[in-house]
Protein chains: 2
Amino acid sequence: MALGKDYTGQDCTLARALEVVGERWTLLIVRDAFYGVRRFSDFLVHLDMPRAVLSARLSTLVEHGVLAKEGHEYVLTEAGLSLWPVVHGLACWGEQNFGELGPHRLFVHADCGTRIAPDGTCPTCGGAPVRPADLEIHPGPSAGLRDDAVSKALRTPHRMLTPIET
Amino acid sequence: MALGKDYTGQDCTLARALEVVGERWTLLIVRDAFYGVRRFSDFLVHLDMPRAVLSARLSTLVEHGVLAKEGHEYVLTEAGLSLWPVVHGLACWGEQNFGELGPHRLFVHADCGTRIAPDGTCPTCGGAPVRPADLEIHPGPSAGLRDDAVSKALRTPHRMLTPIET
DNA sequence: GCGGAATGGTTCGTTCATTGAACTTGGAGG
DNA sequence: CCTCCAAGTTCAATGAACGAACCATTCCGC
């Protein structure tokens, strides 16, 4: 882990999960994958992290079946897609407790144009949580300050999981 | 962070959240707090982690308003309680993808005795996610192997957030 | 097929966090 | 005042992250 390395001795599925996605940078990589980032260099530019660490993280994510490597692209697997509630939940928690300026990005249900609730459901359509593939990403009130190519591409509204165009 | 230290440059509420709860051990501490662990020595025995790190993590959690220190007890604040969906979501994700032996603990809606769904709702009662205070913790099919006093106390069914008895 | 650039990594020395043991502090009880 | 115990700090050693430099492979025009 970005941490020690594992949580041996912890008899808890949370610990198992954290061994996979609990290291530094890992959840930000997964988040970017939801946003449509797929290429090594795009992760690198957008996350502004050491190449060696990105390489290591992508490897362990592939190894554990969160991402799949297709040619030079890293794509979320089923297991990876099922992390969406966690990623979205943490982002909402951060926004509610530490986001003085409001969200940087809005997640909108593509079918009806409504912004989804923190619990992942659509206030208009009700019912089950909206799947990532049915979401669009729009820039929020405090949309980013970064001016790299990937950040700019992510600021144009687009559907989640579809590759960004740099 | 258990990691570098922060995610400066990341214009994302997820990064802000990870600066607070993304370090090694931190989410396990929060999990234990939900389970009813409150004292320094109990966290120490149960998590089997270095004292210095526990001390540091508890300090930053208090500093950021996730825990409140009451005498020698650390108790979840409102902000801390609102992390439940994330903690539960991650634990479920770990169980579904890496938990060959089934869950170690079951979370049961105290009102009706039904195990809650991965999305935090009660299949019987339906509707909104069940609040942590309305949950009971029961040992699951692969309940723990650890034999420290805290692990034993956590294996006896009890209501979430109520202090354990060692 | 050959040079040259772009992409996708690996290597390696430095810096910083975690680890674990030893030590200190601060109350509570007698 | 003295003892005990939980809580917390200090410190040397280990290991991970960092960042710059280097290597490999592919793609392109020629």
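Every value quoted in this text rests on a predicted model; they were computed, and no experiment measured them.
Picking from D:dA7, D:dA17, C:dT18 the nucleotide with the shortest atom distance to the side chain of A:Arg24 gives D:dA17. When distances run from any side-chain atom of A:Lys69 to the nucleotides D:dG19, C:dG9, C:dG20, the shortest one goes to C:dG9. For A:Val53, whose side chain is taken as the heavy atoms from C-beta onward, the closest listed nucleotide among D:dA17, C:dG9, D:dA7 is D:dA17.
By the 6.0 Å contact criterion, CZ on A:Arg131 is open, its count of non-hydrogen atoms from other residues, nucleotides or ligands being 12 or less.
A:Ala33 and A:Phe43 make their closest contact through N-CE2, 4.0 Å (heavy atoms, listed as atom of the first residue, atom of the second, distance).
For the pair A:Ser41 and C:dT7, the criterion of a side-chain N or O lying under 4.0 Å from OP1 or OP2 is not met. Close to C:dG8, at under 4.0 Å from its OP1 or OP2, lies a side-chain N or O of A:Arg39. For D:dC18, the OP1/OP2 oxygens have a side-chain nitrogen or oxygen of A:Trp25 closer than 4.0 Å. Distances shorter than 4.0 Å separate some side-chain N or O of A:Tyr74 from OP1 or OP2 on C:dG9.
For A:Phe107 and A:His88, the gap between ring centers is short of 6.0 Å.
To the nearest angstrom, P of D:dG19 lies 13 Å from CG of A:Leu47. If you take CG of B:Leu44 and C1' of C:dT18, they are 15 Å apart, rounded to a whole angstrom. Distance CD (B:Glu23) to P (C:dC16): 16 Å, rounded to an integer number of Å. We find that CG of B:Leu54 is positioned 16 Å from C1' of C:dA17, with the value rounded to whole Å. Atom CZ in B:Arg57 sits roughly 8 Å away from atom C1' in C:dT18 (whole-Å rounding). Rounded to an integer number of Å, the gap from CD of A:Glu73 to P of C:dG9 is 12 Å.
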Review item, nucleotides 10-14 of chain C N/O atoms under 3.5 Å of protein N/O:
residue : atom : partner : partner atom : Å
C:dT10  : OP2  : A:Ser55 : OG           : 2.5

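Counting heavy atoms from C-beta outward, B:Glu19 and A:Phe98 have side chains that stay 4.5 Å or more apart.
The backbone N or O of B:Val62 lies less than 3.5 Å from no partner atom in the side chain of B:His64, so there is not a single donor-acceptor pair.
Atom-to-atom distance recorded for B:Tyr35:OH and B:Ile164:CD1 is 12.5 Å, nearest 0.5 angstrom.
Along DNA chain C, the nucleotide nearest A:Leu58 and the nucleotide nearest B:Met49 are compared for position; the residue whose nucleotide lies closer to the 5' end is A:Leu58.
One side chain, B:Asp32 or B:His46, offers a donor N or O that lies under 3.5 Å from an acceptor on the other.
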